[in-house]
Every structure is written in C-alpha cells, then in structure tokens.
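Each chain gets a letter, A, B and so on, in the order the sequences are listed, and its residues count up from 1.
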Number of protein chains: 2
Amino acid sequence: MSTLQTLSRGLTVLELVSRSPDGLAIAEIARQLGVHRAIAYRLVTTLEEHMLVARGDDGRILIGSGVVALAGRYQPQLRMAAQPVLVSLAEASGATAFLCVAQGDECVAVEVAEPEQPMLKVSYRAGTRHPISRGAAGLAIAMQRPPQSSDSAALTAARNQGYALTRGQLQEGAIGLAAPLMHGNHQLAGDTPPSSQMHGIYMYANPTHGAQIPGVRACIGVVAMQALDTETAATEVLRHRDRLLSAIG
Amino acid sequence: MSTLQTLSRGLTVLELVSRSPDGLAIAEIARQLGVHRAIAYRLVTTLEEHMLVARGDDGRILIGSGVVALAGRYQPQLRMAAQPVLVSLAEASGATAFLCVAQGDECVAVEVAEPEQPMLKVSYRAGTRHPISRGAAGLAIAMQRPPQSSDSAALTAARNQGYALTRGQLQEGAIGLAAPLMHGNHQLAGDTPPSSQMHGIYMYANPTHGAQIPGVRACIGVVAMQALDTETAATEVLRHRDRLLSAIG
DNA sequence: ACATATTGTGCGTTATTAGTAAATGGAGAA
DNA sequence: TTCTCCATTTACTAATAACGCACAATATGT
C-alpha cells in the first residue's frame with residue numbers, strides 16, 4: 001500500500017486551509033507542513049486550479065467553493081430527504097438534530113439542523129467525526145448489526161428501547177439520543193448469525209426485522225446540554241426516524 | 001505558475017469518483033485518467049488515507065465522508081443562517097430556493113432548499129456552478145458592484161427593480177429570480193466611482209446604500225419551470241433576503 | 001529614507017514518482 | 001478445463017518533484 005507524498009501533502013494543505021476561517025499565508029502553510037515555500041506555492045497553485053482553494057483579495061488562501069460541489073455528491077438522496085425531517089425534529093425537541101453515517105470505525109455527522117431558539121449552544125457541525133464505539137450515534141449504528149454475546153450492556157439496553165441514550169460521552173455535559181435508520185429491531189437472543197451476508201449488508205430471512213438502507217449504516221438523533229426532556233425527545237426522534245424511512249422508501 | 005502532476009491527478013480522481021454515484025473500479029479510474037492501473041492504486045490509496053474516498057464492500061471506490069467536513073467549513077455562518085430562510089422561501093414561493101456565492105467569474109449554488117411538494121422537478125444541486133454573466137443569480141451578484149456605463153440593459157433593469165429575473169438562460173424553460181445580499185441598491189446614475197476600495201470590497205461614503213457583507217458576494221433566489229408566480233415570488237425573495245440580512249447582522 | 005519582512009520565481013542537485021512489465025490469485029464465461 | 005478480465009502487488013528505468021539557495025519585487029514598520 002504505497003502512498004504518494006505530493007498528493008498527501010496537497011490534501012493536508014486543503015485540510016489546513018479549511019480549518020482556518022481567515023485563511024492562511026503561503027509562509028504559514030509552508031511552516032506547518034515543514035516544507036519549503038516553493039513547494040507550498042506549487043501545492044496551492046494546483047489546488048487553486050481545481051477550485052478547492054481560492055485566494056482572498058489580500059492574497060491569503062481560503063477554502064474554495066469546489067468542496068461544496070464534492071460534498072453535494074455525498075449521499076444526496078438521503079441528505080435531501082433528511083434535511084426537512086431534521087429541521088422538524090430540531091423544532092419538536094428543542095435540540096440540535098443530526099444525521100450520522102458510519103464510515104469504517106467512525107461516525108460522521110452528515111447533516112445538522114438547529115432549532116430556531118437554541119436553548120444552549122451545542123456546537124455540532126456537519127463533518128464532525130468520532131469513534132463509532134462512543135456516543136449515542138455510535139450505539140444506534142451498532143444496533144444495526146445483529147445481536148452478539150459480546151454486546152455491551154448499553155447496546156443491549158438500546159436494542160430493547162429502540163433508541164440509544166448517552167450522557168457526556170462525546171462532550172462534557174452533553175446528552176445524545178439517537179435511533180438507527182432501519183425498520184424494527186434486532187431482538188434475537190444470543191448469537192444468531194444472519195442467513196446470508198452480501199457486500200457487508202446483513203440480509204435476514206424475515207425482512208420486516210432489521211431491514212436497513214442498502215449500503216448505508218446511518219442514524220438520526222439529537223444532542224443537547226443537560227436540559228433535555230428525554231421522554232419527548234425519544235418519542236420525537238423515533239417518529240422522525242420513521243418519517244425519514246418512509247421518505248426514502 | 002507551475003503545478004504538480006501527482007496532486008492534480010489525485011484531485012481529478014476525487015472529482016471522477018464524486019461524479020459516480022455507484023463508485024468506480026480501479027480499472028475505470030485508470031482508463032479515464034489515461035494512466036496505468038498501478039498509478040491509480042497509489043492515488044486512490046492516498047485519497048483513502050485522507051478519508052476523501054472509501055471502498056465499498058465490493059471494492060469499488062466511492063466518495064468519502066471527509067468531503068462533508070471540508071464543505072462544512074465553507075462559509076459556515078452564512079450557510080447556517082441561510083438554511084432555514086431558504087426552507088421558508090421554498091415553501092412560500094413553491095419553487096426551489098438557493099443561496100449563491102460568487103467565486104472569480106463564476107457563481108456557485110452553496111445551499112439549496114426544495115418545497116415539500118415540488119411542482120416540477122428542477123435539478124439544482126449544491127455545488128452547481130455557472131458563469132457569473134448568465135442567469136438571475138449572476139445578475140444579482142453583478143448588482144452589488146456600483147453602476148457603470150457598460151452595464152447591460154438587463155442589469156440596469158434589475159437595479160431599478162431591486163431583483164433580477166431571467167428566463168431560460170441556464171436551462172431551457174427555467175425561470176430564475178434572485179436578489180443580492182446587500183442592503184438597499186446602487187441607484188446612482190452614470191459612473192460614480194466608490195469613495196474607496198479595499199480588498200475588493202466597495203466602501204461607500206453613505207453606508208446605507210449598497211452595504212455588503214464583507215468579503216462575500218452572494219445572493220438568494222428561486223428557480224422554477226415556467227409555472228412561477230413572479231409577482232409573489234419577487235416579494236418573497238426580497239422579504240427573505242431581508243430576513244437573512246438581519247440574521248447575519 | 002531605511003531596514004525588514006514577506007511574496008513570488010528561477011535554477012541546480014537529490015529524492016520521489018511515473019510508467020512499464022510481470023507475477024499471483026479470484027470470478028466468471030466459453 | 002481454458003480463457004479472459006480484473007484486482008493487487010512487486011520490481012525496475014525514465015520523468016517529475018523536492019529541496020535549498022539566490023534574487024527581484026512588494027509591503028510594513030521605524
């Protein structure tokens with residue numbers, strides 16, 4: 001598995017620039033990369049040609065609009081369907097609503113909606129990623145694979161409730177509540193292997209239990225700081241999950 | 001202005017993969033790039049490390065979730081403020097609502113909202129770009145610079161109305177209506193140069209006329225196929241423009 | 001004016017990458 | 001089976017990029 005230094009550096013520049021709201025000077029990029037300025041110039045020029053970065057009027061390098069086009073092609077149908085649902089969920093629960101998708105062993109917030117009157121600011125931006133082993137979103141995604149004897153107590157509890165609830169796992173004092181994007185639950189006891197497994201998607205003999213969206217492991221939920229009515233939040237999350245499921249057929 | 005072959009190819013791969021909803025095989029990437037498969041492997045491996053592409057369960061290369069994080073850092077405050085406004089505008093006008101930002105001589109749709117009951121499908125996805133010289137969005141952005149004697153009749157008309165209306169310029173049978181994201185209008189007659197110009201932002205002696213958002217040339221508007229009530233659409237676009245302006249202070 | 005960063009470029013020498021060929025193994029078709 | 005197509009890795013030479021340096025051209029500050 002060999003990798004390419006030049007490409008890797010270019011992508012690191014893109015990442016660095018994107019993390020700098022006010023842009024970066026060439027010299028700063030060169031310093032952070034630990035390379036000569038001349039190299040930073042060539043990297044930036046190439047990124048610029050592809051519209052991934054742009055130069056401000058003062059010459060500083062800013063994240064370019066090309067990233068919007070790229071992101072617009074990531075799960076467009078799911079996200080388009082989810083957007084209005086998340087807005088509604090945020091309003092109904094008074095908390096920040098999110099759609100998370102699993103990639104590898106990480107969980108990525110793909111779409112986020114905030115209520116009109118945010119109670120307490122929770123900074124949960126699109127693109128936020130965290131290990132799948134932590135937080136309500138991770139649990140909700142873990143719920144999508146069939147039960148195993150190695151499942152944690154929290155996971156089993158989540159399966160029984162139909163949703164996952166965690167406190168302070170991702171951020172001090174934050175409460176997360178998430179439900180998996182699948183119909184029904186895996187309520188089998190013990191290790192029951194799936195009847196067949198294709199392309200990593202578990203196919204069940206009885207499709208009414210544990211039917212997932214093909215190729216995507218996702219969940220929706222809410223995050224808030226302490227003051228969250230978990231009763232109504234759970235109801236709303238499940239209701240909106242079902243709304244989203246029926247929207248994407 | 002020299003550029004780097006390796007980086008450029010890697011970014012081209014990213015673009016190719018993003019345009020393929022079902023992913024691409026290594027061989028297809030290699031063929032489309034016109035390079036050997038071994039090179040495509042190295043490019044893909046590097047992109048994969050940066051989470052910009054991912055491998056499906058069948059081995060095909062798919063766009064990765066990393067692009068969501070990158071895009072989330074492009075104009076986050078403007079987009080967060082615009083999202084609910086666009087949803088409301090789409091609902092009020094019954095058409096697809098958009099937020100466009102100018103970059104160079106192009107105009108990029110950065111945020112899009114569709115009405116719950118779309119009348120006729122208008123495909124206007126986030127990331128869509130077109131020359132700034134065409135379409136309602138381009139005109140609306142052109143309205144933000146001070147009037148010049150070289151202005152087209154359409155631009156002058158748009159200035160007088162306070163919004164731009166075009167038919168069929170971007171797509172056959174499509175109607176676009178857009179208003180610039182600035183307070184008031186440039187209603188000066190003839191060529192009146194700005195009192196000062198810094199960093200490409202025009203600063204006026206009287207800030208109540210033509211005050212823009214610093215550093216961003218943007219507009220909001222709607223697109224529809226034929227059946228659009230332009231009267232109410234214009235009213236709603238202007239109303240929502242003002243709502244967005246006050247939201248971002 | 002003067003000193004001083006900072007930006008942007010050009011040029012040689014070394015390190016990395018491209019390009020090519022070739023080998024292995026798996027999936028599917030004739 | 002045999003054949004083809006594809007994925008994946010390895011190995012070796014031209015081509016490309018990195019790197020360090022030198023040098024204008026601009027800002028920027030005193």
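- In this structure, the side chain of A:Gln144 engages the main chain of A:Ala218 through a donor-acceptor pair within 3.5 Å.
- Listed nucleotides: C:dT9, D:dA18, D:dA7. Nearest to the side chain of A:Ile39: D:dA18.
- Between the side chain of A:Glu106 and the backbone N or O of A:Arg129, no donor-acceptor pair lies under 3.5 Å.
- When rounded to the nearest whole Å, the span between NE2 of B:His36 and C1' of D:dT8 equals 12 Å.
- Straight-line distance from the CG atom of B:Leu43 to the C1' atom of C:dT17: 10 Å, rounded to whole Å.
- A donor-acceptor distance shorter than 3.5 angstrom exists from the side chain of A:Arg241 to the backbone of A:Pro180, with no hydrogens or angles considered.
- Comparing D:dA17, C:dG10, D:dA18 by their nearest atom to the side chain of A:Gln5 picks out D:dA18.
- Side-chain proximity of A:Tyr41 to D:dA18, D:dT8, C:dG8: nearest is C:dG8.
- Note on A:Arg55: only backbone sugar-phosphate atoms sit closer than 4.0 angstrom, heavy atoms only; bases stay farther off.
- Counting only distance, with no hydrogens or angles, the side chain of B:Arg60 and the backbone of B:Asp22 share a donor-acceptor pair below 3.5 Å.
- For the pair B:Val112 and B:Leu86, the minimum side-chain heavy-atom distance is 4.5 Å or more.
- Among the nucleotides C:dT9, D:dA18, D:dC19, the one closest to any side-chain atom of B:Leu4 is D:dA18.
- Among the protein residues, A:Arg9 comes within range of the sugar-phosphate backbone only, with heavy atoms under 4.0 Å from sugar or phosphate atoms but none that close to a base.
- Applying the 4.0 Å criterion to OP1 and OP2 of D:dA18, one finds that A:Arg42 has a side-chain N or O inside that range.
- Computed from coordinates, the A:Arg37 CZ to D:dA25 C1' distance equals 13 Å when rounded to whole Å.
- With the nearest nucleotide of DNA chain D identified for both B:Thr3 and B:Gly59, B:Gly59 has the one nearer the 5' end.
- Atom pair B:Arg31:CZ and D:dC5:P shows a separation of 13 Å (rounding to whole Å applied).
- In this structure, the CD atom of A:Glu48 is 14 Å from the C1' atom of C:dT7, given to the nearest Å.
- The side chain of B:Thr6 places an N or O atom within less than 4.0 Å of a non-bridging phosphate oxygen (OP1 or OP2) of C:dA18.
- Atom pair A:Asp57:CG and C:dT7:P shows a separation of 16 Å (rounding to whole Å applied).
- Residue A:Ile26 contributes atom CD1, which lies 16 Å from atom P of D:dA27 at whole-angstrom precision.
- Remark: C1' of D:dA18 and CD1 of A:Ile29 are 17 Å apart, rounded to the nearest angstrom.
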